[in-house]
Engineer: 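Have a look at this one before I ask anything.
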Amino acid sequence: MTVRMASVRTEQARSRAHRQGADPNVPVVEFRDVSKVYGGGSVGLDGASMRIGRGEFVFLVGPTGCGKSTCIRLLLKEIEPSKGELLIAGRELNSMPRSRVPYMRRNIGVVFQDYKLLPNRTVYDNVAYSLQVIGETRQEIRRKVPDILRLVGLSTKLHNFPDELSGGEQQRVSIARAFVNHPPLLLADEPTGNLDPETSIGIMQLIYRINRAGTTVVVATHDSQMVDKMRRRVVELREGRIIRDELSGLYRPDESTTEFAVRLRGELGVGDEGHPN
Amino acid sequence: MPATFFLREALRGLRRSSAPALAALLTVLLTALVLGVFIPIVQATTGTANEVRSRVVADVYIKDAATQSQQDQLKTSLEDTSGVKSVEYISKTEALERAQEKNPKAFREGAELLGANPLPASFRVTPEDPDKLDSIVATITRSPQPALDEVRNREEDTDKILSATGLVKALTAGLAALLVFASIALIANTIRLSLFARRREVEVMKLVGATNWFIRWPFVIEGVIVGFFGGLLAVLLLIIAKQTFIDPLSDRFALLAGPDTIDFPLLIVLLMFASIAVSAIGSGITLRRFLRV
């Protein structure tokens, strides 16, 4: 059973690789000593290097201001790195002309903390827009959009406007929009940042299902519970530097029981002097 | 598919943000209206001023004793002087007739009294450029001709006409420039405001992978629609105003129809075209700022 699943997955991966005309060994995302210094002199990223392979599920973790969002924005070519090279599917982003950027973005699905839905369009039209952008025919749109909305569990809210939906539902719409044309790479910037824990689990399951279908997923988050539960690859950033990269990690680095106790006591505000030893 | 898609998107945009669209439409309407009234006025004023300026002439009086060949020589030399537009011969009798017309009492009785025509024959010199008359007069007096008696350019009149019409022309030109500038600034500002409200939308479109022109076309079409209806309303108002106020007046007073002004149909076409072009290009260009994501 598992073997068959795996073979199906490689099949899918191969067909996707074929579609892109890319070598399956080339990492989907590669940071080569990338730095980003913003205009005011604040450091977004400081000499970060990492490779993310096809089909991986990666958490970018760390406190706010550590460079998670900078990574996402760099990958979308919303901002340019100050130093270093950034490659997506082997393609160098710095040398990419501006006119190619929209076509590059069509191969990347994005999910944001604030959903970024188009406020004057219905759920259906929001999802349809990313298909209209790539010039999909109307029949194809009529076929694909209800399909994907059923997948995210919103088949009854097709004609509602975003402001008539709950936060979790809006995030589902934005995931549907990001995934409707099956991009090989999905970026999520704090996808559960505005949601309660239970809704967050639903969203994360959805993203996980997308990953299982063969899409490479990068999730920037500070939701430690989620990261601990999922046990996937964790890249921890602090002040723009990558300080940890573990294949199946926790939000905090693995710590011994004593370390954990010290941290817990510190967080509870109980001093060591209160301890009998 | 894309053309109808863009059109539907434009209509959706207009419906969804009807207040800013209405503001833009009103701006276009008012601007076109003001321009529609002002263009004929500017033309009438400059036309009148130019007409007055064309009356600036110099009279070259001929000696009574000059022979025909000397007169001809004088005429060709006047015609050859640079800056001269035309030379008109006024004989002694013509001069007397004109004088009598202007001042019947003095000249009719005077002529009878004198028994002879006291007025000399003359050449009336019209300059190409009224401002150059002084230098033309100087050139004529510098080259002595046997037939030439005296040159007069009615200095005081000339100076007054030149300075007054010059001021009028400069003023209307300044006002016209100011008005055009104000119109463009006003329309640009209104468009920017209505687009600013939708900059987030544009940002999202870019992140989904829309090309600049894919985003821009609906906005440009919106601009065309707003400009078309703004211009149309302005033109309708102008037609109504012309038929109720100007037409009855021009029947009664020939003066109003006097100076050459722009053809009304041409004015309408011009205003429509300007309204549509300014608002379409305006929205397209203003969008550029928000497209840099």
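Here is the naming used below: chain letters follow the sequence lines, and residue numbers restart at 1 for every chain. This structure is a prediction, so every number in the text was calculated from the model and none was measured.
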Engineer: With side chain to side chain contact (heavy atoms under 4.5 Å, CB included) as the test, would you mind laying out the steps for B/Phe5 and A/Arg138 before giving the verdict?
Structural biologist: CA-CA 10 Å; B/Phe5 171 74; A/Arg138 223 188 286 188; over 6 Å; no
Engineer: Counting only non-hydrogen atoms closer than 4.5 Å, can you tell me which residues of residues 116-131 of chain A sit against chain B?
Structural biologist: A/Lys116, A/Leu118, A/Asn120, A/Arg121, A/Asp125, A/Tyr129, A/Ser130
Engineer: Quick check: under 4.5 Å, non-hydrogen atoms only, which of residues 218-244 of chain B neighbour chain A?
Structural biologist: none
Engineer: What closest approach, in Å, do A/Phe161 and B/Arg16 show between heavy atoms, and which atom pair accounts for it?
Structural biologist: CZ-NH2, 3.2 Å
Engineer: With a cut-off of 6.0 Å (strictly less than), are more than 12 heavy atoms of other residues, nucleotides or ligands near OH of A/Tyr38?
Structural biologist: yes
Engineer: Using every non-hydrogen atom in the two residues, find where A/Glu78 and B/Leu207 come nearest and quote the distance to one decimal.
Structural biologist: OE1-CD2, 3.8 Å
Engineer: Identify the residue among A/Arg177, A/Arg105, A/Arg106, A/Gln132 that makes a side-chain contact (heavy atoms from CB on, under 4.5 Å) with B/Val208.
Structural biologist: A/Arg177
Engineer: What is the minimum heavy-atom distance between A/Val133 and B/Gly209, and which atoms define it?
Structural biologist: CG1-O, 3.2 Å
Engineer: Quick check on B/Arg15 against chain A: is it the side chain, the backbone, both or neither that has a heavy atom closer than 4.5 Å?
Structural biologist: neither
